[in-house]
Amino acid sequence: MIRRPPRSTPLYSSAASDVYKRQGGVSGSGKSTLALQLKTWMIDQLQQHEQGAGGGGGCFLSGKFDAVNGKPYSAIGTALDGFCEAFMSYKTHGTELPMEFSMAGSDAFLEKIDTCLDQDDMDLLSTVVPSLLGLRRANATTSKDNNSVDQAKHRFHHAVQRLIRIMVASSGGSLVLVLDDVQWADSASLDLMASLLLLANDDDDDDKKTNDGDDNYMGLPIMVVATYRDNEVDADHIYTKAIRDIKDQAATFNNTAAPTTTGIAFTDIHLGALVQTEVCDLLHQLLSSSSESNKKESHNHEALASLVHQKTAGNPFYVKQFLLSLEHDGLLWYSSSHQEWQYQLEELRQAAKATDNVVELLTEKLQSMPPLIQSILPRLALLGSSFPAISIQIIVRSLCNKTSGITEGELVSTIVNEGILVEFGRGGWYKWEHDKVQDAALSLVRDQHELTVMKSNVGRLLLEQLSSEELSSHLFVVTDLLNTPASLGETTSTVCNYQLVDLNLRAGKKALQASAFDSAAKYLHQGILLLPDDKWKDHLFGVSLDLYSTAAEAHYCVGEFDQSKIYCDEVNSLAGCPFVKKRRVVSVDICLCFEYLFRFHSAT
């Protein structure tokens, strides 16, 4: 049964009445900005509720997928962890909660964390929501004795569903989840998103506890808003297939062949480029002293609009960057006497000939910055779309010297003030102002080999200077940075290779625990490739056995049965290895036998 939130919930008190919204458009078309406007709407609802003027409780969460690093559940994990991190600050320091996280009862949320999540839930969730561990106040209840790998995905999805139910029940309202750049989502995240939308109506007593006994509770009052670059998503893309599967499953559960009649309301929004008249209207609002401009001004703005549209193709982000570059170069200035922005059109036309597009302007802007900052930016770009302050500090500290005459804080402030990075969250996190700014930062390093070496060096730097706890939180990022030809090709440093083997094993296990099977298989396979020929000798036997056993499980879970069989056969062929040490691959081998029997009967 597909459960749609009842229409009485606050989520449906406005025009935003869809369970799933898709916002497509090219990079810079304003998808993220439009989606984040729901945060303003949600805060308005909360304020009205507090003032007794309608509205309702609820919370707004957002996260972004990343093209650079392969961290599983990156967007969903960021959204949930940001929520829990805010509550940890509230619990520890009494810090006021952000309005978008406002709850009907903050203490009620903390109490439900204790009573409704057992140790099994906490262990599973902590892999992607580490801040959750800091919220538990009581001893964990007894966990379920269920360790089968083939049930791992169900258990993980169930734990996430339970956490979100706690959020919803405590807020007395609705939850809006914005997932940005879904074209870069990993398959595990898409599976989890589907499970939230297709949440079945089970009879789990623990889940009923999160509902305060409300027998009319129909499911999660949740809206998922996914933004994606539709020019990068075709019919064979995993995101397209995921949406198609969700609609098919919903139709099946509702006993209908028409996906549009399901309990999930799908809305597709395409954001295109601004046409020239819209650019002209925008310039009138930005540059004129009043809405009533004289004809000469109107003519000039129309001519400027033509130039801006020619250079930007009407892309909203490019329009913004182009105007900022004009202001930065002194070609667009504010006249205090006239109380309006002024410019010389012919000067603009001459200056605009120097660049073909706004991407070049972004690159030129970064190239005009001090050499030290130009060295820092591509290294930060390798960390992904967002990163913590500690990572910036480590990179800046490695490049600064006592004679540079500038402190780490001043460097970071300069980068932020230039509109390159944006600080967000309570834990000192930073993100790029836009994906194109990150791309421009990477383009500062023209040589691909140089960029590969830089990636490896940044990974080593983080590995050496992050504490054990910090490394655990950034395990996927560090492992991805080191899984480069520059690192993998090194054979002279045995210790380094063993470190990388261990990192891939840890990353694979962490991904497997979170049911991110594709990612787990990738890390574990890489770890196996790094093993030397004498991998089954005493000093490497333990880690090799762990790698092969875990890899057999991961590849089985993603349906790569032949590869899983190869790993099982390798372990089973070990002479003198006790059966108890082979039990994991034996379990997988039994499952594989059933799969091969099924294939045989299907073929005949």
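Residue numbers run from 1 in the order of the sequence given. Note that these values count all heavy atoms, side chains included, but never hydrogens, waters or copies made by symmetry.
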- Message: Let's go through Glu347 and Gln350 carefully: what are the C-alpha distance in whole Å and the side-chain angles of both, what is the deciding distance for side-chain contact (heavy atoms from CB on, under 4.5 Å) to 0.1 Å, and is it a yes or a no?
- Response: CA-CA 5 Å; Glu347 290 184 9; Gln350 292 299 318; 5.9 Å; no
- Item | Full working for side-chain contact (heavy atoms from CB on, under 4.5 Å) between Arg397 and Gln465 | CA-CA 11 Å; Arg397 195 179 304 130; Gln465 298 196 27; 3.7 Å; yes
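Of the residues listed (Asp435, Thr227, Thr78), the one engaging Lys64 in a side-chain hydrogen bond (donor to acceptor under 3.5 Å, both in side chains) is Asp435, and it is the only one. With respect to Val445, the side-chain contact (heavy atoms from CB on, under 4.5 Å) criterion is satisfied by exactly one of Leu451, Val453, Leu377: Leu451.
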Which atom pairs, one a donor and one an acceptor, fall under 3.5 Å between side chains of residues 380-396 and the rest of the protein, sequence neighbours left out?
residue: Ser385; atom: OG; partner: Asp66; partner atom: OD2; Å: 3.3

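The aromatic rings of His301 and His284 sit perpendicular, their planes meeting at an angle over 60°, well past the 30° parallel limit.
Pairs of residues two or more places apart, or lying in two chains, never qualify as side-chain hydrogen bond (donor to acceptor under 3.5 Å, both in side chains) while including a residue from residues 365-383.
For Gln23 (side chain) and Lys31 (main-chain N/O), a donor-acceptor pair under 3.5 Å exists by modelled atom type. Listed for the Thr479 side chain is no donor-acceptor partner under 3.5 Å among the backbone atoms of Phe476. Between the side chain of Asp447 and the main chain of Glu450, a donor-acceptor pair closer than 3.5 Å is present. With Ser29 contributing its side chain and Val26 its backbone, the two residues share a donor-acceptor pair below 3.5 Å. Side-chain atoms of Ser443 come within 3.5 Å of backbone atoms of Ala440 as a donor-acceptor pair (strictly under, hydrogens ignored).
Rounding to the nearest 0.5 Å gives a distance of 10.0 Å between NE2 of His525 and CG of Leu530.
Legend: residues meeting side-chain contact (heavy atoms from CB on, under 4.5 Å) with His237, ordered by chain and number and at least two apart, are Gln183, Val233, Asp234, Tyr239, Thr240.
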